[in-house]
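Labels below follow one simple rule: chain letters A, B, ... track the order of the sequence lines, proteins then strands, and each chain is numbered from 1.
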Protein chains: 2
Amino acid sequence: MHLVTENPVTASDKTFLQLRQDIVEGDILSGSKLSEAELATRYAVSRAVVREAINRLENCHLVERKPNVGARVVALGPERLVSLYQVRESLEGMAARLAATNMTDDEIDDLRALLSTHLQTVKSGETYYQEAGDVDFHYRIILGSKNDHLISMLIEGIYHLIRMYRVQLGMAGPRVTTAFDEHSSIARAIENRDGELAEILMRRHIFYTRNNLEQKLLEAVG
Amino acid sequence: MHLVTENPVTASDKTFLQLRQDIVEGDILSGSKLSEAELATRYAVSRAVVREAINRLENCHLVERKPNVGARVVALGPERLVSLYQVRESLEGMAARLAATNMTDDEIDDLRALLSTHLQTVKSGETYYQEAGDVDFHYRIILGSKNDHLISMLIEGIYHLIRMYRVQLGMAGPRVTTAFDEHSSIARAIENRDGELAEILMRRHIFYTRNNLEQKLLEAVG
DNA sequence: TTTAGCTATATTGTCGACAATTTTGTCAAT
DNA sequence: ATTGACAAAATTGTCGACAATATAGCTAAA
């Protein structure tokens, strides 16, 4: 598995990563138009590399493109969130099931060690946990599935859109500590090599997250 | 849902579709290198549009690319087949479940009508059924899910790779009539709005297909 | 005032040329 | 004969310019 994020080599790689970050973090507003010329000057590269970056973003479902018209950052909405999380639930549930079989003992140890540090963070009352820590936990399980197609679809595919929802809706609520307990349960199921349970727990966990986000989204609108 | 296949407008669109077909059909051998210059002359376009087409094919997992080195058509193998079909089973099972809820009565009628014509074809002993008919059946259910993310991942994402395995392994065997019965059961479950059963049956159906393909693949190798 | 058509402007799509990198081929030293 | 360095060739990455298309603004007719 060769992820671009690790070491971007070409200018297109770097521009792709920068642009993606700017979209996910909300520096470029969702729904806004992406002018190739403007972005070219912004990132100090030619239009060609901007075009390539935009093409890649289209596959992550972060931008939508119309021929001869241009590209726009995707709009966020409750229905889109639901359809996204339906897919996420299915795929990441599967990842948890496979991880219970395919993760090495060492990887499982690392996972539990990660949760220990999270416990400290949660106890100390920091809300930082959610963004970095949560993503880290989920990534390890996804990678633990050892299924290249699955890994690619999640990490290169929909995960950045998921992050976009979370970042722009300002994740930091009462779910933080609750989510920690759910993570623990999932890790325990994986440790016991109980794939069926791990899948069920993961799906539940994601379902709760979805409800939480959906509520925030509805508040933001109305 | 806006699928490029329907009406390709730009030269990149057309080149993308042609190149994809040539790869899926095996006109360009799996594992072979894709020379941008060669393809540019072959399709009578500039290198820029070839590059864009290759980029898009990378997201379908039909080609693999290394920076400053080039792109190769993916290699087919038993392990890759398994990981691909694990994902397919999960996603299309979900599609069947959602379709049982979201397909309109008219769409379900059309689905059953399609199966009727397939029955005639199977009775008459044609093997044509498998490729076109099977894909048609599955497409309708996928579209019937009404989940844009799911539709995109399957139809724009992995389905062409699936077809590539089937075409290059020469699908046409004893599974043809069996598959028809399985299709009928799935359609009936959807007609009864029984999503849970539809998902189970679809997963089974895909699992059988996988075993069939895997065996063919192992024969082909050893 | 509204609408239709036209013109001007801006944006995207495509191309050929150049730069950067990798691969191939050659030659010399061990 | 094998290995290493270096030079030559081929391939990919990037750029700026031009062509094709869409958008905005204007004029004129109803």
Enquirer: Choosing from dG13(C), dT22(C), dC15(D), which nucleotide comes nearest the side chain of Val69(B)?
Expert: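 For Val69(B), the side-chain atoms sit closest to dT22(C).
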Enquirer: What's the closest nucleotide to the Lys33(B) side chain, out of dC15(C), dT11(D), dT12(C)?
Expert: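 My answer, after comparing the listed nucleotides, is dT11(D).
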Enquirer: Under 4.0 Å from OP1 or OP2 of dT14(C): is there any side-chain N or O of Ser46(B) that close?
Expert: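 No.
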Enquirer: From the set dG13(D), dC15(D), dG13(C), return the single nucleotide nearest to any side-chain atom of Arg47(A).
Expert: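 It is dG13(C).
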Enquirer: Report, as yes or no, whether the 6.0 Å neighbourhood of atom CD on Gln215(A) holds more than 12 heavy atoms from other residues, nucleotides or ligands.
Expert: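 At most 12 heavy atoms, drawn from other residues, nucleotides or ligands, come within 6.0 Å of this atom.
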Enquirer: Roughly how many Å is it from CG in Asn55(A) to P in dT14(C), rounded to a whole number?
Expert: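 Spelled out: CG on Asn55(A) to P on dT14(C) is 11 Å.
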Enquirer: Round to a whole Å and report the spacing from CG of Asn7(B) to P of dT21(D).
Expert: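 After rounding, the reported distance stands at 14 Å.
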Enquirer: Heavy-atom nearest nucleotide on DNA chain C for Ala44(B) versus Ala71(A): which residue maps closer to 5'?
Expert: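 Looking at the nearest nucleotide for each, Ala71(A) comes out on the 5' side.
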Enquirer: If each of Gly70(A) and Ala48(A) is mapped to the nucleotide of DNA chain C with the nearest heavy atom, which maps nearer the 5' terminus, i.e. the 5' end?
Expert: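 Closest to the 5' end, via its nearest nucleotide, is Gly70(A).
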Enquirer: I need the NZ-C1' distance between Lys14(A) and dG13(D), as an integer number of Å.
Expert: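 Roughly 12 Å, once rounded to whole Å.
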Enquirer: Answer with base, sugar-phosphate or nothing: what part of the nucleic acid does Ile54(B) contact at a heavy-atom distance below 4.0 Å?
Expert: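 Nothing, no nucleic acid heavy atom in range.
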Enquirer: What is the distance, to the nearest angstrom, from the CG atom on Asp13(B) to the P atom on dT14(C)?
Expert: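 Rounded to the whole Å, the gap is 8 Å.
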Enquirer: Out of dT21(C), dT23(D), dT14(D), which has the shortest distance to the side chain of Asn68(B)?
Expert: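 It is dT21(C).
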Enquirer: Glu38(A) CD to dT12(C) P: how many Å, rounded?
Expert: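 Glu38(A) atom CD is separated from dT12(C) atom P by 10 Å.
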Enquirer: Pick one: which of Ile142(B), Val87(B), Ile141(B) meets side chain to side chain contact (heavy atoms under 4.5 Å, CB included) with Leu154(B)?
Expert: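 When side chain to side chain contact (heavy atoms under 4.5 Å, CB included) is applied between Leu154(B) and each of Ile142(B), Val87(B), Ile141(B), only Ile142(B) qualifies.
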Enquirer: Starting from P on dT12(D), measure out to CG on Leu34(B) and report it in whole angstrom.
Expert: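 Roughly 9 Å, once rounded to whole Å.
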Enquirer: Tell me what Ala11(B) touches on the nucleic acid: a base, only sugar-phosphate, or nothing, going by heavy atoms under 4.0 Å.
Expert: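 Sugar-phosphate, backbone atoms only, no base.
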Enquirer: Rounded to whole angstrom units, what separation is found between the CD atom of Glu52(B) and the C1' atom of dT14(D)?
Expert: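 Distance, rounded to whole Å: 15 Å.
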Enquirer: To the side chain of Ser35(A), which of dT12(C), dT12(D), dC15(D) is closest?
Expert: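 Looking only at heavy atoms from C-beta outward on Ser35(A), the closest nucleotide is dT12(C).
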Enquirer: For the pair made of OH in Tyr43(A) and P in dT14(D), what is the distance, rounded to whole Å?
Expert: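 After rounding, the reported distance stands at 16 Å.
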Enquirer: Which of these nucleotides, dT14(C), dC15(D), dT11(D), is closest to any side-chain atom of Thr10(B)?
Expert: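 Nearest to the side-chain atoms of Thr10(B), counting from C-beta on, is dT14(C).
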Enquirer: Which of the following nucleotides, dC15(C), dG13(D), dT12(C), is nearest to the side chain of Arg65(B)?
Expert: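 Taking heavy atoms from C-beta onward, the closest nucleotide is dG13(D).
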Enquirer: Counting N and O atoms only, with roles assigned by atom type, does the side chain of Asn102(A) sit under 3.5 Å from a partner on the main chain of Ala99(A), one being a donor and the other an acceptor?
Expert: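 Not at all, since once roles are kept as given, no pair shorter than 3.5 Å links the two residues.
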Enquirer: Decide whether a cation-pi geometry holds between Arg56(B) and Phe16(B); the criteria are a distance under 6.0 Å from NZ or CZ to the six-membered ring centre and an angle within 45° of the ring axis.
Expert: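 So Arg56(B) does make the cation-pi contact.
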Enquirer: Pair Tyr159(B), Tyr139(B) - check ring pair (Phe, Tyr, Trp, His ring centres under 6.0 Å), show working.
Expert: CA-CA 10 Å; Tyr159(B) 236 81; Tyr139(B) 267 38; 5.4 Å; yes
